[in-house]
*Asks:* 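Before we start, here is the structure in question, set down as structure tokens.
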Amino acid sequence: MSQSPRSESKSAGKQIQGPRGTRDLYPAEAARRRWLLERWREVSVRHGFEEVDGPTFEESDLYAVKSGEGILGELFQAFSGKSPDEVEQVKATGRGPFALRPEFTPTLARMYAARAAGLPKPCKWFMAGPFFRAERPQRGRLREFLQWNCDVLGLDIAPEKWHAEDAEGRAEVAESKARTDAEVIACCVAYLESTGLTPADVQVRVGSRTVVDGLLDDMRVPGEKHAEVFTLLDRRAKLGGEAFAEAASGLLDVAAFDARREGLESALKAGGRADAGFDSASLMRLFASLDEMGLLSWCTPDLSIARGLAYYTGTVFEVIADGERAVAGGGRYDNLVELFGGPRTPAVGFAMGDVVLSLLLQDKGLMPSDEELMGLVGQRPQVFVLSNGTDEADAQVRRVVAVLRRGDLGLHVRHSYKATKNIGKLLKEASGWDARFAVIVESPGEASVKNLQTGQQWEGRVAINALAERLAASLGK
RNA sequence: GCGAUUGUAGCUCAGUUGGUUAGAGCACGAGAUUGUGGUUCUCGGGGUCGCGGGUUCGAAUCCCGUCAAUCGCCCCA
């Protein structure tokens with residue numbers, strides 16, 4: 001030991017914080033994450049989706065193919081560092097051969113394309129897991145977050161009809177797409193509803209790229225200007241009326257556009273059974289389907305929903321709540337599977353992130369308390385074992401704990417690590433853990449049992465070799 | 001990537017124009033209490049004042065840089 005322990009500990013004990021935009025999950029937060037994931041999973045399964053997952057990092061090219069321009073700049077780059085070529089590439093281009101996944105859809109399309117022939121038609125898949133974006137964190141947005149994805153690949157009609165060209169066949173396809181879109185939206189709404197949210201809290205804003213394209217065509221806006229108009233419409237609320245009108249002048253007759261847009265939106269709000277005078281049939285059918293499923297109160301037509309992703313081809317939707325960013329978003333991507341070398345497969349899906357969702361549930365008072373969460377995810381102890389303080393009973397505590405934990409009944413059992421023999425303190429600890437029962441070891445063969453919820457102690461004593469069974473019965477196992 | 005605000009114990013925060021050894025509540029540990037619960041009391045552990053540099057006899061306090069968080073812009077899969 002030289003005389004510089006201080007400088008040694010300076011480097012050795014240097015505290016490193018978690019990276020920007022990430023979260024450390026202590027028990028309460030871990031319980032919250034598990035609860036979210038389990039609820040997502042439960043709703044997905046109930047709606048007939050099968051769970052899948054992919055790697056958390058992919059080859060960068062996967063995202064370059066068709067994710068949209070903005071995405072590349074916000075990829076977390078990754079490389080193995082094992083090959084000199086790789087290192088050179090990173091130095092030269094600033095891009096790694098891999099990227100942490102920023103979204104799931106490309107992976108999904110890749111996975112489906114690889115095995116399309118053997119998969120059910122339609123194929124309903126969901127997943128929930130971590131995703132990464134190298135963005136600047138702010139309210140509702142972190143660099144690592146959880147996302148729930150639900151997708152339907154294919155349609156509910158025979159695959160040979162998916163790309164019919166005759167009028168009758170096209171109508172059949174359109175009907176099928178509307179049903180499938182509605183099915184996906186229904187799953188999303190079912191989750192929202194299960195958390196206690198209501199249509200007054202959140203709305204699914206539904207639009208369609210093809211319908212807006214049709215409307216713009218009808219108004220003789222040249223095709224190459226459509227993208228510009230989309231962006232403008234998307235930002236309309238942010239820009240404000242005047243700035244929007246100014247930006248749109250020369251591109252679009254705003255008054256005429258609004259008149260037709262409003263006409264269509266009110267027809268849709270009524271259940272999609274009217275004629276808008278241009279090709280709005282897909283949205284009409286979708287809203288008719290939503291109406292059939294009793295979801296109309298959750299949905300609002302909104303032709304300004306554009307979504308940033310380049311791969312959306314038709315229906316697009318977002319779940320919007322006041323004062324927060326979009327809670328979820330999705331849409332139809334009919335040519336993405338083909339792009340990854342699979343058969344032409346219409347598809348639709350959505351994703352929901354945990355960050356905005358958590359904020360929203362907290363805002364609305366719908367997020368369970370930490371204590372409730374521990375219970376909801378099964379972290380609440382069933383039994384807390386203590387001794388009556390005699391040496392003889394003390395020596396049995398760990399054995400009793402082991403017996404109760406073992407075997408078919410396998411109870412969740414804890415005991416104190418404190419030195420005290422004060423029964424009051426130990427019971428206090430038991431209730432601190434929110435345990436259901438306290439078992440007080442009285443002698444090597446017997447114990448008393450107290451129900452910590454009711455405060456009632458069982459009459460008489462229970463033989464230790466009968467404890468597991470009696471406790472399990474009381475716990476309803 | 002840009003701008004604004006903030007950063008003191010595990011948490012929430014005090015800390016007076018720069019002045020001895022940086023405080024409280026909660027939480028944690030021990031006891032009061034060798035047999036019965038979220039109460040009370042006592043004692044205790046715990047802080048490189050985000051980090052680094054500068055000004056000064058002296059810095060938690062003033063200045064610069066940096067990291068992080070929050071809010072907004074850009075962007076939004």
Side-chain angles (χ1 to χ4, degrees), chain A residues 5-24 26-28 62-63 66-75 99-108 131-143 145 147 149 231 234-235 238 305-312 316 318 325-326 328-331 333 336 349-353 355-356 359 370-371 384 386-394 416-435 437-442 448-458:
Chain A
R6 189 166 285 177
S7 64
E8 262 178 8
S9 68
K10 203 168 189 176
S11 53
K14 176 90 176 170
Q15 291 237 355
I16 298 174
Q17 321 173 277
R20 160 188 289 190
T22 62
R23 297 168 285 189
D24 291 337
Y26 292 93
L62 185 77
Y63 305 111
K66 188 90 182 168
S67 277
E69 318 78 44
I71 199 164
L72 286 171
E74 279 155 1
L75 283 180
L100 304 190
R101 63 182 180 190
E103 58 164 331
F104 192 65
T105 310
T107 299
L108 181 93
F131 290 86
F132 311 86
R133 294 174 196 171
E135 289 183 300
R136 178 85 180 227
Q138 52 189 280
R139 183 175 177 83
R141 198 158 69 185
L142 296 173
R143 289 183 155 191
F145 52 94
Q147 200 179 65
N149 284 263
T231 315
D234 196 40
R235 301 187 58 210
K238 211 174 265 183
I305 299 293
R307 313 270 319 146
L309 275 180
Y311 51 65
Y312 287 123
V316 284
E318 285 183 356
R325 295 166 191 281
Y333 49 100
L336 197 58
F350 74 89
M352 181 181 293
V355 183
V356 176
L359 286 171
D370 290 354
E371 198 174 59
F384 192 90
L386 54 139
S387 90
N388 67 358
T390 62
D391 289 346
E392 181 186 55
D394 235 26
S416 182
Y417 293 94
K418 294 186 203 298
T420 188
K421 296 188 175 188
N422 182 327
I423 293 190
K425 274 208 164 175
L426 292 169
L427 284 171
K428 181 173 169 178
E429 185 181 350
S431 59
W433 291 114
D434 209 16
F437 289 96
V439 164
I440 305 169
V441 179
E442 303 287 2
S448 311
V449 176
K450 183 166 185 174
N451 183 327
L452 291 172
Q453 291 168 109
T454 63
Q456 294 292 308
Q457 195 150 328
W458 290 2

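FYI, side chains are in, hydrogens and waters are out, and symmetry mates aren't considered; it's all heavy atoms of this structure. The chains referred to below are lettered A, B, ... by the order of the sequence lines, with proteins before strands, and numbering in each begins at 1.
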*Asks:* Please report the distance, rounded to the nearest Å, between CD in A/Q138 and C1' in B/rA69.
*Replies:*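 Atom-to-atom, A/Q138 to B/rA69, this comes out as 13 Å.
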*Asks:* Under 4.0 Å between a side-chain N or O of A/R20 and OP1 or OP2 of B/rA69?
*Replies:*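 For A/R20, the contact criterion (side-chain N or O under 4.0 Å from OP1 or OP2 of B/rA69) is met.
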*Asks:* Is there any protein nitrogen or oxygen under 3.5 Å from a nitrogen or oxygen in nucleotides 31-35 of chain B, and what are the pairs?
*Replies:*
{"from": "B/rG31", "atom 1": "N7", "to": "A/K425", "atom 2": "NZ", "distance (Å)": "3.0"}
{"from": "B/rU33", "atom 1": "O2'", "to": "A/N422", "atom 2": "ND2", "distance (Å)": "2.8"}
{"from": "B/rU33", "atom 1": "O2", "to": "A/N422", "atom 2": "ND2", "distance (Å)": "2.9"}
{"from": "B/rG35", "atom 1": "O6", "to": "A/N388", "atom 2": "ND2", "distance (Å)": "3.1"}
{"from": "B/rG35", "atom 1": "O6", "to": "A/E442", "atom 2": "OE1", "distance (Å)": "2.9"}
{"from": "B/rG35", "atom 1": "N1", "to": "A/E442", "atom 2": "OE1", "distance (Å)": "2.6"}
{"from": "B/rG35", "atom 1": "N1", "to": "A/E442", "atom 2": "OE2", "distance (Å)": "3.2"}
{"from": "B/rG35", "atom 1": "N2", "to": "A/E442", "atom 2": "OE2", "distance (Å)": "2.9"}

*Asks:* What is the nucleic acid contact for A/G353, judged by heavy atoms within less than 4.0 Å: base, sugar-phosphate only, or nothing?
*Replies:*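 If one applies the 4.0 Å heavy-atom cut-off, A/G353 turns out to touch nothing in the nucleic acid.
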*Asks:* Grab the CG-C1' distance between A/D24 and B/rA69 for me, whole Å please.
*Replies:*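 Value for this atom pair: 13 Å.
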*Asks:* So that I can compare with my own list, what are the stems of RNA chain B, taken as at least three consecutive Watson-Crick or G-U pairs with distances under 3.5 Å?
*Replies:*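 So far as stems of 3 or more pairs are concerned, RNA chain B shows B:1-7 with B:67-73, B:10-13 with B:23-26, B:28-32 with B:40-44, B:50-54 with B:62-66.
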*Asks:* Rounded to the nearest Å, what distance is computed from the CZ atom of residue A/R133 to the C1' atom of nucleotide B/rC76?
*Replies:*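 A/R133 atom CZ is separated from B/rC76 atom C1' by 7 Å.
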*Asks:* Kindly determine whether A/E442 and A/N388 satisfy side-chain hydrogen bond (donor to acceptor under 3.5 Å, both in side chains), including the steps that lead there.
*Replies:* CA-CA 6 Å; A/E442 303 287 2; A/N388 67 358; 3.2 Å; yes
*Asks:* A/E103 CD to B/rC75 C1': how many Å, rounded?
*Replies:*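 My rounded result for the distance is 15 Å.
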*Asks:* Pull out every protein N or O sitting under 3.5 Å from an N or O of nucleotides 2-13 of chain B, one pair per line with the distance.
*Replies:*
{"from": "B/rC2", "atom 1": "N4", "to": "A/R136", "atom 2": "NH1", "distance (Å)": "3.2"}

*Asks:* What contact category does A/R235 fall into here, base, sugar-phosphate, or nothing, at under 4.0 angstrom with non-hydrogen atoms?
*Replies:*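 Sugar-phosphate only.
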*Asks:* Between B/rC75 atom P and A/R141 atom CZ, what is the distance in whole Å?
*Replies:*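 For the pair A/R141 CZ and B/rC75 P, the rounded distance is 11 Å.
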*Asks:* Atom NZ of A/K428 and atom P of B/rA30: how far apart are they, to the nearest Å?
*Replies:*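 Nearest whole value for this atom pair: 12 Å.
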*Asks:* Does the side chain of A/K418 reach to within under 4.5 Å of the side chain of A/K425, using non-hydrogen atoms?
*Replies:*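 No, side chains not in contact.
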*Asks:* A/D434 CG to B/rG37 P: how many Å, rounded?
*Replies:*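 That distance rounds to 17 Å.
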